[in-house]
Number of protein chains: 2
Amino acid sequence: MSADCCEATCQSHPARCKDCAVRPFSVCAALSDDELGELQALSEPTSFAPKSALLLQDEPVQNVFNITSGCVRLSKILSDGRRQVIGFAIAGDFLGLSFQERSNFTAEAIGPVTACRFRKKAFLNYLDAKPDLVRRLLEFSANELRLAQEQLVLLGRRTAEERVASFLTMRRARNSRFGQQGATLQLPMSRLDIADYLGLTIETVSRTFTKMVREKLIIIVPDGIRFVDLAHVGQIAAE
Amino acid sequence: MSADCCEATCQSHPARCKDCAVRPFSVCAALSDDELGELQALSEPTSFAPKSALLLQDEPVQNVFNITSGCVRLSKILSDGRRQVIGFAIAGDFLGLSFQERSNFTAEAIGPVTACRFRKKAFLNYLDAKPDLVRRLLEFSANELRLAQEQLVLLGRRTAEERVASFLTMRRARNSRFGQQGATLQLPMSRLDIADYLGLTIETVSRTFTKMVREKLIIIVPDGIRFVDLAHVGQIAAE
DNA sequence: CCGCCACATTGATCTAGATCAATGCCGCAC
DNA sequence: GTGCGGCATTGATCTAGATCAATGTGGCGG
């Protein structure tokens with residue numbers, strides 16, 4: 001049993017796209033088995049070591065990625081070092097399709113990560129012949145936009161406790177694709193990552209966790225938390 | 001001369017899409033003149049009075065819109081009344097394509113607004129036959145996502161002064177499509193709208209404007225501001 | 001088994017921006 | 001011209017969360 005919430009069912013690369021565990025959740029679900037063969041020819045299974053980068057902010061985008069396992073941190077840094085984590089990508093998420101020459105953010109593996117890599121140019125060419133894939137990417141993009149807009153409300157208008165509660169329930173919902181539905185939520189990212197995602201400091205995140213433990217809403221376990229009163233956490237998250 | 005920054009060049013609806021002033025900036029640029037005729041058959045030119053709603057949060061989305069003039073406020077409200085403005089849509093922007101049954105936000109006209117209205121269902125059907133239009137929508141969506149991610153950094157990590165400076169320079173950049181390039185920036189939205197967009201209070205926005213006036217960065221004029229030291233404002237915005 | 005290092009927690013204090021409270025400034029109806 | 005109602009500004013005070021500063025903790029190399 002995996003100890004990492006963001007690790008998907010497929011730890012090693014399947015021989016063929018057809019057999020890939022993330023396919024049903026991923027952009028590739030838009031393609032038929034035949035087309036999948038074509039895509040496979042363009043794709044290169046790739047592994048990333050913890051802390052290694054898939055994309056670098058302001059650097060040219062050479063590749064786009066379909067994450068197959070692990071957890072990737074997406075962040076933007078201001079010139080004076082302040083950092084905002086703008087998301088965590090997990091298995092099934094698609095990375096790098098911004099139509100910008102250079103990347104708007106840095107994408108770094110938190111633990112070990114596997115991904116299908118495509119040369120951006122080749123992928124864009126392939127898109128021209130595959131309207132269904134473009135359509136699927138549009139749906140993915142629209143969904144990312146919706147999540148980002150939710151996050152705008154969180155950062156602009158919610159209290160520290162609401163942010164943390166919301167983070168926990170969102171993570172739980174996100175992992176549900178992979179059967180992970182128990183009371184235990186694996187959190188592969190550090191407190192600093194969480195703080196930078198929620199627009200807080202590491203101390204505030206820590207104190208808020210502690211407060212939630214004191215109030216018997218959660219228990220802190222190694223590499224994650226366990227929900228004790230999920231309904232109440234959900235209620236704080238909802239407001 | 002229009003007194004409203006968000007009003008585009010075309011105040012009244014053109015007879016045909018072909019003649020529409022926003023076409024080059026809008027999603028419809030993806031279509032040939034012939035195809036534009038087809039789209040025109042689906043579209044209904046619509047006017048909205050100030051304060052009227054184009055979309056309502058949590059209500060079914062019946063229509064999608066291509067804004068042709070005016071300024072539309074996009075906002076999300078929490079159940080206790082806290083509000084986050086997630087964007088301002090102007091001429092050329094496309095609204096409502098979230099692939100969700102219900103709208104994730106409310107869209108309201110600030111001043112008078114004109115838009116091309118499409119029945120959502122008919123528009124989605126039309127999309128199936130027009131891969132170039134889907135592609136164009138994907139580019140628009142990716143761009144919206146990029147803007148939202150910038151806003152996440154602003155809300156999560158920037159000071160009040162940086163937020164206001166950033167807001168002013170972003171607005172200026174956004175208006176540049178329509179020739180509006182002078183030192184005067186029209187701001188059709190209220191201080192409350194700006195505050196809710198920047199995750200601040202109305203008082204903090206007002207004080208920050210006043211401070212920038214004192215420091216000879218801007219001058220406040222009716223319905224907008226005038227840049228006195230644009231370079232310096234840009235520098236504060238950049239950090 | 002020890003010592004180190006990175007991360008996490010906890011406590012004391014500070015502050016940017018919120019909140020509370022007038023006051024000012026139109027534009028518009030009568 | 002007067003009064004009213006909706007914004008905007010300004011001032012005084014408060015506070016959630018930041019900052020500064022130890023102190024804990026657990027994994028890992030030797």
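Only heavy atoms go into these numbers, but all of them, side chains included; no hydrogens, no water, no symmetry mates. Convention: sequence-line order gives letters A, B, ...; per-chain numbering from 1.
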ask   = Taking only side-chain nitrogens and oxygens of T204(B), does any of them come within less than 4.0 Å of OP1 or OP2 of dG17(C)?
value = no

Rounded to the nearest 0.5 angstrom, the CG-CZ distance for D80(A) and R157(B) is 11.0 Å

Atom CG of L155(A) and atom C1' of dG17(D) are separated, to the nearest Å, by 14 Å

Of F48(B), F118(B), F94(B), the one forming a side-chain contact (heavy atoms from CB on, under 4.5 Å) with F65(B) is F48(B)

Among dG11(C), dA8(D), dG17(D), the one nearest any side-chain atom of R191(B) is dA8(D)

| query | With a non-hydrogen cut-off below 4.0 angstrom, is S206(A) in contact with a base, only sugar-phosphate, or nothing? | reply | base

Legend entry - Any donor-acceptor N/O pair, R158(A) side chain to A237(A) backbone, under 3.5 Å: yes

Give T201(B) one of three labels, base, sugar-phosphate or nothing, depending on what nucleic acid heavy atoms sit under 4.0 Å from its own.
base

Rounded to whole Å, the CZ-P distance (R82(A) to dT19(D)) equals 10 Å

Practice task
Could you tell me whether the phosphate oxygens of dT10(D), OP1 or OP2, come under 4.0 Å of any side-chain nitrogen or oxygen in R207(B)?
Solution key: no

message = Has R226(B) got a side-chain atom pairing as donor or acceptor with T184(B)'s backbone, closer than 3.5 angstrom?
response = no

Only one of R163(A), R83(A), R73(A), R191(A) passes salt bridge (charged side-chain N to carboxylate O under 4.0 Å, His left out) with D196(A), and that residue is R83(A)

query = How is T210(A) classified with respect to the nucleic acid when contacts are heavy atoms under 4.0 Å: base, sugar-phosphate, or nothing?
reply = sugar-phosphate

R158(A) atom CZ is separated from dG17(C) atom C1', nearest whole Å, by 20 Å

Between CE of M189(B) and P of dA8(D) the distance, given in whole Å, is 11 Å

What's I220(B) touching, base or sugar-phosphate or nothing? Going by heavy atoms closer than 4.0 Å.
sugar-phosphate

The bend of the helix from dC1(C)-dG30(D) to dC30(C)-dG1(D), taken between the axes of its five terminal pairs at each end and rounded to 10°, is 30°

note: D193(B), atom CG; dG6(D), atom P; distance rounded to Å ~ 16 Å

Rounded to whole Å, the CG-P distance (D223(B) to dC26(C)) equals 12 Å

Do T114(B) and T68(B) pass the side-chain hydrogen bond (donor to acceptor under 3.5 Å, both in side chains) test, and can you show the C-alpha distance, the side-chain angles, and the key distance before you say yes or no?
CA-CA 5 Å; T114(B) 60; T68(B) 49; 2.7 Å; yes

Taken to the nearest whole Å, CD/E161(B) to P/dA16(C) is 12 Å

Result for 5'-nearest mapping on DNA chain D, choosing between P222(A) and R163(A), is R163(A)

(request) Indicate yes or no for a side-chain donor-acceptor contact from R172(A) to the backbone of G182(A) under 3.5 Å, with no hydrogens or angles considered. (result) yes

Are the side chain of Q151(B) and the backbone N or O of Y197(B) linked by a donor-acceptor pair below 3.5 Å?
-> yes

From NZ of K51(B) across to P of dG6(D) the rounded distance in Å is 10 Å

Ranking I202(A) and A160(B) by the position along DNA chain C of their nearest nucleotide, the one closer to 5' is I202(A)

Picking from dG11(D), dA21(D), dA8(C), the nucleotide nearest the side-chain atoms of E203(B) would be dG11(D)

